[in-house]
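Working notes, beginning with the structure itself.
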Amino acid sequence: MGLNWDIFCRVIDNFGDIGVAWRLARDLAARGQTVRLWLDDAGALQWMAAGKAMPAGIGVRRWDDSVNEVEVGDVVIETFGCELPAPFVARMAARGTPPLWINLEYLSAEAYVERSHGLSSPQFNGPGRGLSKQFFYPGFTPRTGGLLREPDLLAERDRFDAQAWLAQLGDGKIERRPGERLVSLFAYANPALPELLAALTTEPTLLLICPGAAQAQMNSHMLPNANLRWQALPYLSQPEYDRLLWACDLNFVRGEDSFVRAQWAGRPFVWQIYPQHDGAHGPKLEAFMDLLLADCDALLADQTRSLWRGWNGLRAWDGTLPELDAGRAQALKWREHLTSQPDLTTQLFSLASKSS
Ligand code: TRH
């Protein structure tokens with residue numbers, strides 16, 4: 001069933017909003033859908049979508065007045081409460097068959113997600129009178145909207161040749177020495193960075209740092225000893241960033257989308273949560289760790305909690321890194337648990353088929 005989808009996204013800050021919207025658009029288009037992606041700032045697509053031609057089925061549109069001239073699609077996705085233009089909503093209400101109207105929310109493992117996923121908000125007033133907006137919460141359990149996972153993702157990951165891929169990374173300038181542990185770092189500015197660098201010196205390590213705050217924070221004085229080397233990466237396209245996560249032994253990720261992709265990588269990872277002024281990120285972090293570590297060996301669980309809390313500035317950290325082999329087994333088990341649930345796009349399809 002090929003439908004027309006309108007996805008709206010406002011870039012608040014960083015790259016998570018556009019990252020999720022772009023990944024969703026790509027997944028829909030790869031499954032035969034036609035997508036118009038409305039963006040107020042498409043700047044990050046220059047690197048996120050680099051390398052290949054625009055995938056067939058996706059039209060990236062500037063979120064301006066032209067939105068009021070097009071025919072409304074079968075499904076309208078408002079990402080992260082970005083508020084659709086009133087004239088567009090009025091035309092949604094006037095459409096012969098009203099579109100399925102989804103508000104795609106931020107990802108969280110907290111209990112409210114299961115309670116709120118699927119709730120409807122009937123519009124009694126305003127331009128959308130008569131429509132009903134449905135809240136869609138991604139998540140990690142069967143009573144949520146699931147996670148973005150392309151149908152061939154894990155098979156591609158299994159076929160992946162890390163050695164060959166690394167050889168061409170950064171124009172061939174990334175050189176991993178034999179026996180070196182490979183760690184990727186995508187992070188907000190973090191006062192715990194020196195502690196992390198010290199902890200990484202316990203084994204020969206090559207740290208690959210993504211652009212942004214962490215690269216800006218680094219300088220040569222911060223390398224405690226020769227066991228640890230680092231190299232700066234350029235921005236990679238989304239598929240290439242996924243491959244970076246597949247290639248590394250340990251990944252430091254942040255926000256929402258890189259955090260999810262680290263879970264599909266099946267490698268140990270550390271999540272730097274998006275910090276919120278009211279401290280809401282603390283319980284959000286704990287809720288995810290409770291799920292992730294529910295059936296985990298006690299030592300690994302303790303060390304993981306301690307590292308994650310320390311990396312997020314929530315508690316002191318004693319500098320212990322969990323053992324990588326144990327972490328890898330745990331990451332694979334967690335991934336298996338996640339793959340037993342329907343992915344986000346499949347769940348959207350099932351809502352769309354019920355509404356048409
Ligand atoms: O950039 P982020 O910190 O985004 C955050 C979060 O989404 C947060 O919840 C939200 O409130 C805030 O933005 C506004 O991290 P995130 O979510 O991982 O998004 C980064 C995107 O960039 C993701 O799609 C992966 C992509 N990326 C690449 O494509 N190439 C790269 O080289 C790198 C480093 C990232």
Side-chain angles (χ1 to χ4, degrees), residues 7 9-27 37 39-52 55 79-82 103-110 113 137-139 147-150 153 165-166 168-171 174 183-190 207-218 230-248 251-265 269-285 287-288 311-312 344:
I7 303 178
C9 173
R10 269 189 212 288
V11 176
I12 307 290
D13 65 356
N14 300 316
F15 311 119
D17 308 280
I18 188 169
V20 170
W22 176 242
R23 227 181 254 287
L24 173 60
R26 283 202 296 133
D27 194 20
L37 176 57
L39 295 168
D40 65 340
D41 175 1
L45 285 190
Q46 280 183 9
W47 44 270
M48 220 176 247
K52 292 195 183 142
T79 59
F80 314 121
C82 65
N103 188 35
L104 177 63
E105 287 289 345
Y106 285 110
L107 173 64
S108 173
E110 289 162 292
V113 166
Y137 283 81
L147 301 171
L148 280 169
R149 186 182 81 240
E150 303 77 12
L153 177 69
W165 183 82
L166 280 169
Q168 55 77 55
L169 179 62
D171 295 328
I174 306 293
V183 178
S184 81
L185 177 64
F186 178 40
Y188 308 118
N190 194 329
L207 181 62
L208 300 178
I209 307 189
C210 298
Q215 263 185 25
Q217 237 184 306
M218 279 303 284
W230 78 281
Q231 287 191 266
L233 292 179
Y235 276 121
L236 306 174
S237 67
Q238 260 185 354
E240 289 290 282
Y241 179 69
D242 283 356
R243 280 157 183 77
L244 174 71
L245 299 174
W246 302 349
C248 286
N251 294 303
F252 285 76
V253 290
R254 72 183 207 190
E256 178 159 330
D257 187 59
S258 57
F259 162 60
V260 171
R261 304 315 280 190
Q263 295 171 59
W264 297 135
F269 66 98
V270 180
W271 181 29
Q272 187 180 18
I273 193 167
Y274 183 73
Q276 285 166 271
H277 294 303
D278 58 1
H281 56 284
K284 188 171 167 179
L285 183 79
F288 179 71
W311 185 237
N312 283 283
L344 189 149

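Both counts, for ligands and for their atoms, begin at 1 and track the order of listing.
Between Y241 and ligand 1, a contact under 3.5 Å exists for no N or O pair. In terms of polar-atom proximity, defined here as any N/O pair under 3.5 Å, L236 does make such a contact with ligand 1. Between F186 and ligand 1, no pair of N/O atoms sits closer than 3.5 Å. Close N/O approach between R254 and ligand 1 is found [any backbone or side-chain N/O within under 3.5 Å]. Taking any N or O of Q238, backbone or side chain, at least one lies under 3.5 Å from an N or O belonging to ligand 1. The distance criterion of under 3.5 Å between nitrogen or oxygen atoms is met by F15 with respect to ligand 1.
The two residues V260 and L148 come nearest to each other via the heavy atoms CG1-O, 4.3 Å.
The residues E150 and R261 are annotated as salt-bridged, a charged nitrogen and a carboxylate oxygen being separated by less than 4.0 angstrom.
At the top of the distance list for atom 27 (N) of ligand 1, counting protein heavy atoms only, stands W47 CZ3, 3.6 Å. Atom 25 (C) of ligand 1 has as its closest protein heavy atom D257 OD2, 3.7 Å. Here the heavy atom of the protein found nearest to atom 4 (O) of ligand 1 is G16 N, 2.8 Å. When hydrogens are left out, the protein atom nearest atom 18 (O) of ligand 1 is S258 OG, 2.6 Å; that is the closest non-hydrogen contact. Closest protein heavy atom to atom 14 (C) of ligand 1: D13 OD1, 2.8 Å. Of all protein heavy atoms, the one lying nearest to atom 10 (C) of ligand 1 is Y106 CE2, 4.0 Å. Looking only at protein heavy atoms, the nearest one to atom 6 (C) of ligand 1 is G255 CA, 3.5 Å. Distance from atom 26 (C) of ligand 1 to its nearest protein heavy atom, with residue and atom name: M48 CE, 3.9 Å.
Taking the six-membered ring where the residue is Trp, the centroids of Y274 and Y106 are separated by 6.0 Å or more. Aromatic ring centres of Y235 and F15 lie closer together than 6.0 Å.
Rounded to the nearest 0.5 Å, atoms CD (Q272) and OH (Y188) are 6.5 Å apart. The CG atom of L104 sits 9.5 Å away from atom SG of C82, with the distance rounded to the nearest 0.5 Å.
Heavy-atom proximity to S237, at under 4.0 Å, picks out these atoms of ligand 1: 29 (O). For ligand 1, the atoms sitting less than 4.0 Å from at least one non-hydrogen atom of Y188 are 2 (P), 3 (O), 5 (C), numbered in the order shown with element in parentheses. Within ligand 1, counting atoms from 1 as listed, the ones closer than 4.0 Å to a heavy atom of D17 are 14 (C). Within ligand 1, the atoms closer than 4.0 Å to a non-hydrogen atom of C210 are 34 (C), numbered from 1 in the order shown. Contact atoms of ligand 1 toward E256: 6 (C), 7 (O), 16 (P), 17 (O), 18 (O) (distance under 4.0 Å to a heavy atom of the residue).
Using a 30° and 60° split on the angle between ring planes, F186 and Y241 fall in the perpendicular class, above 60°. In this pair, W311 and F252 present their aromatic rings perpendicular. The plane angle is above 60°, beyond the 30 to 60° band.
The number of heavy-atom neighbours closer than 6.0 Å to CD of Q46, taken from other residues, nucleotides and ligands shown, is 12 or below. More than 12 heavy atoms of other residues, nucleotides or ligands sit less than 6.0 Å from atom CG of D13.
Just one residue in the list D257, L236, I18 forms a side chain to side chain contact (heavy atoms under 4.5 Å, CB included) with M48, and that residue is I18.
Of the candidates Y274, W271, Y235, F80, the one placing a heavy atom closest to atom 11 (O) of ligand 1 is Y274.
A heavy-atom distance below 4.5 Å is not found between the side chains of D242 and W264. Taking 4.5 Å as the limit, some side-chain heavy atom of L233 sits within range of a side-chain heavy atom of L169.
Heavy atoms of W22 found under 4.0 angstrom from ligand 1: none, in either backbone or side chain.
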